[in-house]
Student: 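Pasting in a structure now, in C-alpha cells, and then I'll have a few things to ask.
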Amino acid sequence: QRIDIPYFLIGFVVMAFIHTYVDIPAVLMQVINIITTLSLLMAMVALGLNVSFKDLQDRAFKPLIGVIIVSTILSTITFIIANSIYG
C-alpha cells in the first residue's frame, strides 16, 4: 500500500534540521514567523468553513455543555486556591 505523507511534514523536518545547524538571522526568523502564523490562520479558517453547525449542534451539544461546566468549576477552584495562596 502507498503511504500518504503530508507535505508540511517534510518542510517541518527540513526547517528543524536547518535551524539546528545553521544560524538564521533574526530578520529572516521574523519573516518566517509571520508566514507560519498566516499559514496557520488560513488553515484554521479553512477548517472552520467546513464545519456544519447543524451537525455540531446535533452531535456535540451535550459534550460542549459538559466541557463548559467542568472548565468553569476548574477555573473557580484554581482561582480560589491562587487567591488564598497569593492573595
Side-chain angles (χ1 to χ4, degrees):
Q1 285 182 330
R2 183 171 178 236
I3 299 174
D4 291 328
I5 298 175
Y7 294 120
F8 74 89
L9 187 59
I10 296 169
F12 176 78
V13 171
V14 169
M15 286 305 294
F17 182 77
I18 289 173
H19 189 62
T20 300
Y21 296 106
V22 177
D23 209 12
I24 299 174
V27 174
L28 183 59
M29 284 302 294
Q30 288 176 347
V31 171
I32 291 172
N33 189 22
I34 291 170
I35 291 171
T36 56
T37 302
L38 289 175
S39 298
L40 182 62
L41 175 68
M42 288 187 290
M44 292 295 128
V45 168
L47 283 174
L49 291 175
N50 291 327
V51 171
S52 169
F53 290 106
K54 179 67 177 156
D55 287 341
L56 189 63
Q57 181 182 1
D58 293 342
R59 295 180 183 182
F61 186 70
K62 288 181 182 177
L64 179 65
I65 296 299
V67 166
I68 291 171
I69 291 171
V70 170
S71 295
T72 304
I73 291 170
L74 286 174
S75 297
T76 304
I77 291 171
T78 304
F79 177 75
I80 290 169
I81 291 172
N83 197 22
S84 68
I85 293 173
Y86 299 111

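We number each residue from 1, following the sequence as shown.
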Student: Given side chain to side chain contact (heavy atoms under 4.5 Å, CB included), test V14 with I18 step by step and report yes or no.
Tutor: CA-CA 6 Å; V14 169; I18 289 173; 3.8 Å; yes

Student: CG of N33 to CG of L38: how many Å apart, nearest 0.5 Å?
Tutor: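 Rounded to the nearest 0.5 Å, the CG-CG separation comes to 9.5 Å.
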
Student: Measure the CE-OG1 distance between M15 and T20 for me, rounded to the nearest 0.5 Å.
Tutor: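 Taking CE in M15 and OG1 in T20, the distance rounds to 10.0 Å.
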
Student: Under 4.5 Å between side-chain heavy atoms, counting indirect links through other Ile/Leu/Val/Met/Phe/Trp/Tyr residues: same cluster for L40 and L47 or not?
Tutor: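 Per the 4.5 Å side-chain linkage, L40 and L47 are co-clustered.
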
Student: From I35 CD1 over to L28 CG, what is the distance, rounded to the nearest 0.5 angstrom?
Tutor: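 With rounding to 0.5 Å, CD1 (I35) is 8.5 Å from CG (L28).
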
Student: Please check: side-chain N/O of N50 versus main-chain N/O of A46, any donor-acceptor pairing under 3.5 Å?
Tutor: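 Yes; at least one donor-acceptor contact below 3.5 Å.
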
Student: Hey, quick one: are V22 and V13 part of the same hydrophobic cluster, counting side-chain heavy atoms closer than 4.5 Å, chains of contacts allowed?
Tutor: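 They do not share one cluster, since no chain of ILVMFWY contacts under 4.5 Å joins V22 to V13.
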
Student: Mind checking the CD-CD1 spacing from Q30 to I24? Nearest 0.5 Å is all I need.
Tutor: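 Separation between the atoms: 13.0 Å.
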
Student: Do Y86 and I81 sit in the same hydrophobic cluster, where Ile, Leu, Val, Met, Phe, Trp and Tyr count as joined when their side-chain heavy atoms come under 4.5 Å apart?
Tutor: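 Yes, Y86 connects to I81 through the hydrophobic network.
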
Student: Enumerate, atom names and distances included, each donor-acceptor pair closer than 3.5 Å involving a side-chain atom of residues 66-76, sequence neighbours excluded.
Tutor:
| from | atom 1 | to | atom 2 | distance (Å) |
| --- | --- | --- | --- | --- |
| S71 | OG | V67 | O | 2.8 |
| T72 | OG1 | I68 | O | 2.7 |
| S75 | OG | S71 | O | 2.8 |
| T76 | OG1 | T72 | O | 2.7 |

